[in-house]
> 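Before I ask anything, here is the structure I am working with.
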Amino acid sequence: INYTYYSSRYTAYISMKVKKVTDQKQGFSAAKDILYKIVNRDTVLFLSGGSTPKLLYAQLAKEGKIKLGAIALVDERFGEPFHLNSNEKMIQETGLPSYLSENDIFYYPILQKGKDRKTAALEYDKVVGSLFSRFFDRFCLAFSRVRRGSLEPARYFRRLNYWRSD
């Protein structure tokens, strides 16, 4: 697995450090080390979904060391909140939202009950815009490419610091 960390305080992708690891466990350990060093109460962290990061999110919740201003999602499988394949449901199962709530860290899921795809996307776009105006430090964990039919605040991605695994 090739984990790449792209970071710059002002523009994403200016400086790059590549850390190669041999397995998922090493990758998650490297991701946690970076997160613990660079995020703080002035940071919004954007999480990707899917099955890959589930163990990492559970570890972050269990260790209880990460301090952030807010967490939001970068993508979601559309449907009602907590539907079977939703990233929101996966993240809920890790215990991370409980940790966030107990530590006064704001959490912004995408799905909204009774909203159609377009309305949910437009409203979440406003949420992401407000997070970008409130938090100068922005960091994204991306573990997979966004699939067709998902929701994402794409217009903001170019302004994020990235941790990505391919």
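Since the structure is predicted, the reported quantities are computational estimates derived from the model, not experimental observations.
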> To the nearest 0.5 Å, what is the distance between OH (Tyr57) and OG (Ser48)?
4.0 Å
> Is there side-chain contact between Leu111 and Ser86, with at least one heavy-atom pair below 4.5 Å?
yes
> Is atom NZ of Lys67 surrounded by more than 12 heavy atoms (other residues, nucleotides or ligands) closer than 6.0 Å?
yes
> Does Leu122 belong to the same Ile/Leu/Val/Met/Phe/Trp/Tyr cluster as Ile110, with side-chain heavy atoms less than 4.5 Å apart forming each link?
no
> So Arg134 and Val44, do their side chains get closer than 4.5 Å, heavy atoms only?
no
> What closest approach, in Å, do Pro97 and Tyr107 show between heavy atoms, and which atom pair accounts for it?
CG-CE2, 4.0 Å
> Could you tell me whether the side chain of Asp75 and the main chain of Gly49 form a donor-acceptor pair under 3.5 Å?
yes
> Does Leu96 belong to the same Ile/Leu/Val/Met/Phe/Trp/Tyr cluster as Leu55, with side-chain heavy atoms less than 4.5 Å apart forming each link?
yes
> Is a side-chain donor or acceptor of Asp116 paired with a backbone partner of Lys118 at a separation under 3.5 angstrom?
yes
> What do the steps show when you test Phe46 against Phe132 for ring-ring contact (aromatic ring centres under 6.0 Å, His included), and what is the final call?
CA-CA 11 Å; Phe46 290 87; Phe132 268 68; 5.8 Å; yes
> Measuring from Lys89:NZ to Phe82:CZ, what's the distance to the nearest 0.5 Å?
10.0 Å
> With distance as the sole test, does Ser101 use its side chain to make a donor-acceptor pair with the main-chain N or O of Ser98 at under 3.5 Å?
no
> Atom NE2 in His83, atom CZ in Arg77: separation rounded to 0.5 Å?
8.0 Å
> Over all heavy atoms of both residues, which pair between Ala120 and Gln112 is shortest? Give the atoms and the distance, please.
O-NE2, 4.3 Å
> With Leu47, which of Leu56, Val74, Ile91 fulfils side-chain contact (heavy atoms from CB on, under 4.5 Å)?
Ile91
> Enter the distance from Arg117:CZ to Glu76:CD here, rounded to the nearest 0.5 Å.
11.0 Å
> Side chains of Thr94 and Tyr99, heavy atoms from C-beta outward: is any pair under 4.5 Å?
no
> So, for Ala70 and Tyr108, which heavy atoms are closest and what is the spacing to 0.1 Å?
CB-CE1, 3.9 Å
> Could you report the tightest heavy-atom contact between Gly50 and Met90, atom names first, then the distance?
O-CE, 3.3 Å
> Distance from Leu68 atom CG to Thr43 atom OG1, nearest 0.5 Å?
6.5 Å
> When rounded to the nearest 0.5 angstrom, what is the spacing between CD1 in Ile66 and CG in Leu60?
5.0 Å
